[in-house]
Amino acid sequence: MALAYVGFAILFAGFSALGVWQVQRLFWKLDLIEQVNTRVEMAPVAAPPPSVTVTRADDQYRRVRASGTYDHSRETLSKAVTEIGAGYWVLTPLRTDRGFTILVNRGFVTPAQAEAAQRQDGQVAGPVTITGLLRISEPGGGFLRDNDPAGDRWYSRDVAAITQARGLTGPVAPYFIDAEASALEWPRGGMTVIRFTNHHLVYALTWFGLAGMSLFGLWLFLRENRRRRLGDD
């Protein structure tokens, strides 16, 4: 009997704790969504130099601006799937006028525009000023595949790996920038998708429901135990 009580108590406490945790996660996610929505609407600020620490919590999707010159000879194509189909992100080093380099995701191209020769109008020469969203590096890979620097196959925008593979020298920012839409047809900027899954309320209700079921199970157990005792009498 005592072991049964302990078992039901453990189940109730465990399910309740998980429900409370999901409620905490819910409020954290709602706060994060509000912060990001605020960041993307703010006036752009100067892109932080490599000496400044940037974090996902504080800087992801912050609007930034940078000026400099693109090094098109060192661009990188990273696999992408967008609302207009599959293709590539075009990542180009921007050598800023502040003495450091930033990888800029200039936008999306289809497989037909993968070769720079097929989008010469987009290979802007000379000084430029770009505005976009600060994005945290995506190490490792994506699409269930690892990046292959040796084979020049990229499935995520891994700043450190691309920096090394392209032999970028001097200070390089540890983040990249998703450029906003421009007059260029290709690469097509401004295609950042900002979406957060938020199922924490459903999860919380599930865990609290299981906690309630454990109490109901205890009640059934006590009722059956009482019925048996009365029957024995």
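We number each residue from 1, following the sequence as shown.
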Participant: Quickly, which of Asp178, Asp59, Asp158 forms a salt bridge (Lys or Arg N to Asp or Glu O under 4.0 Å) with Arg135? Name it, please.
Facilitator: Asp178
Participant: Indicate yes or no: at least one non-hydrogen side-chain atom of Phe108 is less than 4.5 angstrom from one of Trp89.
Facilitator: yes
Participant: Indicate whether any N or O donor in one side chain lies under 3.5 Å from an N or O acceptor in the other, for Thr131 and Arg65.
Facilitator: yes
Participant: Any luck finding a side-chain donor-acceptor pair between Thr92 and Asp71 under 3.5 Å?
Facilitator: no
Participant: Is the terminal nitrogen or CZ of Arg106 (NZ for Lys, CZ for Arg) located under 6.0 angstrom from the six-membered ring centre of Tyr70 and within 45° of that ring's axis?
Facilitator: yes
Participant: Closest approach of Gly99 and Pro171, non-hydrogen atoms and distance?
Facilitator: O-CD, 3.8 Å
Participant: Going by heavy atoms in the side chains, are Val54 and Gln60 under 4.5 Å from each other?
Facilitator: no
Participant: To the nearest 0.5 Å, how far apart are CD in Gln113 and CH2 in Trp186?
Facilitator: 5.0 Å
Participant: Is there a side-chain contact between Ile177 and Ile130, using heavy atoms and a 4.5 Å cut-off?
Facilitator: yes
Participant: Mind listing the closest non-hydrogen atom pair of Val64 and Pro48 along with its distance?
Facilitator: CG1-CD, 4.2 Å
Participant: Shortest non-hydrogen contact from Ser156 to Pro139?
Facilitator: OG-C, 4.3 Å
Participant: Would you say Arg153 and Asn147 make side-chain contact, with heavy atoms under 4.5 Å?
Facilitator: no
Participant: Closest heavy-atom contact between Glu75 and Ala116?
Facilitator: OE2-CB, 4.2 Å
Participant: For the side chain of Arg119 and the backbone of Ala114, is there at least one donor-acceptor N/O pair under 3.5 Å apart?
Facilitator: yes
Participant: Thr169: which residues meet the side-chain contact (heavy atoms from CB on, under 4.5 Å) condition with it, sequence neighbours left out?
Facilitator: none
Participant: Measure the CG-CG distance between Leu77 and Asp152 for me, rounded to the nearest 0.5 Å.
Facilitator: 7.5 Å
Participant: Salt-bridged, Arg56 to Glu138, with N to O below 4.0 Å?
Facilitator: no
Participant: Would you please name every residue forming a side-chain contact (heavy atoms from CB on, under 4.5 Å) with Pro49, sequence neighbours left out?
Facilitator: Ser51, Val52, Arg98, Phe100
Participant: List, by chain and number, the other hydrophobic cluster members for Val159, where Ile, Leu, Val, Met, Phe, Trp and Tyr join if side-chain heavy atoms come within less than 4.5 Å, directly or indirectly.
Facilitator: Leu91, Leu103, Trp154, Ile162, Leu168, Val172, Phe176
Participant: Taking the side chain as everything from C-beta on, heavy atoms only, tell me whether Val109 gets closer than 4.5 Å to Arg188.
Facilitator: no
Participant: Quick one: closest heavy-atom pair of Ile102 and Ala173, and the distance?
Facilitator: CG1-CB, 4.1 Å
Participant: On a heavy-atom basis, which atom in Ala179 and which in Val104 lie closest, and how many Å separate them?
Facilitator: CB-CG1, 4.1 Å
